[in-house]
There are 2 protein chains.
Amino acid sequence: MHVTADDLTSTLRAAGLRITAPRRAVCEIVAAHHDDHLTAATVLEHARRDLDVRIDRATVYRTLEALEDVGILRHAHLGHGPAVYHLTEEHRHHHVVCERCGATTAIPVGEFDAFVETIAARTGFVLDVEHFAISGLCPSCAHR
Amino acid sequence: MHVTADDLTSTLRAAGLRITAPRRAVCEIVAAHHDDHLTAATVLEHARRDLDVRIDRATVYRTLEALEDVGILRHAHLGHGPAVYHLTEEHRHHHVVCERCGATTAIPVGEFDAFVETIAARTGFVLDVEHFAISGLCPSCAHR
DNA sequence: TTTTGTGCAAATTGTTTGCAACACG
DNA sequence: CGTGTTGCAAACAATTTGCACAAAA
């Protein structure tokens, strides 16, 4: 089963944080859209539209940050534009973004393993390949 | 020998662009700092300090863009913060940036070849690994 | 009732754009 | 001279911050 809004709020509470209406709303949205590319703006939108709650954008950022601090959420940068958030548990693929048309494609994590290990062996750096998407040209844009 | 400021201005001129004082200054700076991590702000700084020329930031961006359009310059995003520019000719390595302390390390291009080919074979995407730096933890930050 | 969290508004950072004046070719 | 360029100032997008007020625990 997937992570639920309650899982998220409990984790926040366990970390000594208070559970407020805005926080609960953000948790619900994050849980409900675990496989989307959630941005802070999207969360705000969902709060207003789906839950009919109006939260300030600063609060959205702060709540997302709290969830990240607690370890259940992460954000990634897919090219330019806003950061996208995803549950740590759910993220089982990386992204490649077409720098011309913006199309994104998912790449299974395993595809990166050999590469990450090579770099670790050579440089000592432990890569976090998913934090910044890799740029490139999608098949159709590449044909030009 | 390295690319000179004249090489840059000639290329611009060959593309039908006019050579103006600001453009010449930017070309000189780019040529002189071919192995640095030049940002638009840095270019501006050098223009003012080293060349005693005051260029507007919009002009710096436009000139850098012109150089990119002409194919002799590229920019990359090393984590957050401003884009860094480098001569196409000179760029013989990629970067990995420590997400904790910001340290960057260079990785020879060859290190990526196998990976880029695997992705191309599997997805048809032609990766441009250098456009967005890869995030990670440097050896010392990783030990925590 | 004492912290912690919220909304609001303003600040920040990096980059882009509209436009009138300007100058290369 | 005429079109490409510049500087300026304002617009932008994403995110952050300061602060008085509100509300969890």
Side-chain angles (χ1 to χ4, degrees), chain A residues 8-27 37-45 47-48 51-70 73-85 97 99 102 131-133, chain B residues 8-27 37-45 47-48 51-70 73-85 97 99 102 131-133:
Chain A
L8 300 177
T9 52
S10 320
T11 312
L12 289 180
R13 185 178 287 114
L17 299 176
R18 296 180 180 175
I19 302 309
T20 64
R23 282 187 178 163
R24 196 166 351 245
V26 171
C27 288
H37 282 170
L38 277 179
T39 65
T42 315
V43 171
L44 206 53
E45 191 79 353
R48 195 160 44 67
L51 274 50
D52 198 45
V53 175
R54 55 172 300 290
I55 317 176
D56 189 78
R57 55 196 193 292
T59 303
V60 170
Y61 281 109
R62 290 189 277 233
T63 303
L64 293 171
E65 192 185 20
L67 289 167
E68 292 201 276
D69 288 347
V70 155
L73 193 72
R74 291 215 58 189
H75 73 268
H77 302 278
L78 306 189
H80 306 89
V84 301
Y85 293 80
V97 186
E99 60 194 33
H131 192 218
F132 289 104
Chain B
L8 300 176
T9 51
S10 320
T11 313
L12 289 180
R13 184 177 292 116
L17 299 176
R18 295 181 181 172
I19 303 310
T20 63
R23 281 187 179 161
R24 196 167 351 245
V26 171
C27 288
H37 281 169
L38 277 180
T39 65
T42 314
V43 171
L44 206 52
E45 192 78 353
R48 194 160 43 69
L51 275 48
D52 199 44
V53 175
R54 53 171 301 292
I55 317 176
D56 189 79
R57 54 198 195 297
T59 303
V60 171
Y61 280 108
R62 290 189 277 230
T63 303
L64 293 172
E65 193 185 18
L67 289 168
E68 292 201 276
D69 288 346
V70 156
L73 192 73
R74 291 216 56 188
H75 73 268
H77 302 278
L78 305 189
H80 307 88
V84 301
Y85 293 80
V97 186
E99 60 193 34
H131 193 217
F132 289 104

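Here is how names work: the chains are called A, B, and so on, in the same order as the sequence lines, proteins then strands, and each is numbered from 1. The structure presented is a predicted model; accordingly, all values stated were derived computationally and were not measured.
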**Q.** Nearest heavy-atom neighbours spanning A/A133 and A/G79
**A.** CB-N, 4.3 Å
Q) Given atom CD1 of B/I55 and atom C1' of D/dC8, what is their separation to the nearest angstrom? A) 15 Å
Q: Could you provide the dot-bracket string of DNA chain D, using ( ) for intrastrand pairs, [ ] for crossing pairs and | for bases paired to another strand, with Watson-Crick or G-U pairs below 3.5 Å?
A: |||||||||||.||.||||||||||
Identify each atom pair where a protein N or O and an N or O of nucleotides 23-25 of chain C are less than 3.5 Å apart, giving names and distance.
residue	atom	partner	partner atom	Å
C/dC24	O3'	B/I19	O	3.4
C/dC24	O2	B/R18	NH1	2.9
C/dG25	OP1	B/I19	N	3.0

Q) Can any side-chain N or O of A/R57 pair as donor or acceptor with the backbone N or O of A/L44 at less than 3.5 Å? A) no
Q: Any chance you could measure A/T11, atom OG1, to A/L73, atom CG, to the nearest 0.5 Å?
A: 11.0 Å
(Q) According to salt bridge (charged side-chain N to carboxylate O under 4.0 Å, His left out), who are the partners of A/E68, at least two apart in sequence or on a separate chain? (A) none
Q | For A/A41, side chain to side chain contact (heavy atoms under 4.5 Å, CB included) partners two or more places apart | A | A/T39
Q: Classify the angle between the aromatic ring planes of A/H77 and A/F132 as parallel (below 30°), tilted (30 to 60°) or perpendicular (above 60°).
A: parallel
Q: For B/V53, enumerate each residue passing the side chain to side chain contact (heavy atoms under 4.5 Å, CB included) test, keeping only those at least two apart in sequence or located in another chain.
A: B/L51, B/I55
Q) In whole Å, what is the span from the CZ atom of B/R23 to the C1' atom of D/dT5? A) 6 Å
Q: State the OG1-CZ distance between B/T59 and B/R54, to the nearest 0.5 angstrom.
A: 9.5 Å
Q | A/R24 CZ - D/dA24 C1' separation (whole Å) | A | 10 Å
Q.
Nearest heavy atom decides the nucleotide; on that basis, is B/R54 or A/A83 closer to the 5' end of DNA chain D?
A. B/R54
Anything under 3.5 Å between a protein N or O and an N or O of nucleotides 16-22 of chain D, put it in a table, one pair a line.
none

Q) In whole Å, what is the span from the CG atom of B/L78 to the C1' atom of C/dG14? A) 14 Å
(Q) Would you say that B/C27 contacts B/L67 through its side chain, given a criterion of any heavy-atom pair below 4.5 Å between the two side chains? (A) yes
Q) Rounded to the nearest Å, what distance is computed from the CG atom of residue A/L44 to the P atom of nucleotide C/dT6? A) 13 Å
(Q) If I take atom CG in residue B/L64 and atom P in nucleotide D/dT5, what distance separates them, rounded to the nearest angstrom? (A) 15 Å
Q: Measure the CG-CD1 distance between B/L12 and B/I19 for me, rounded to the nearest 0.5 Å.
A: 5.0 Å
Q: Classify the angle between the aromatic ring planes of B/H131 and B/H75 as parallel (below 30°), tilted (30 to 60°) or perpendicular (above 60°).
A: perpendicular
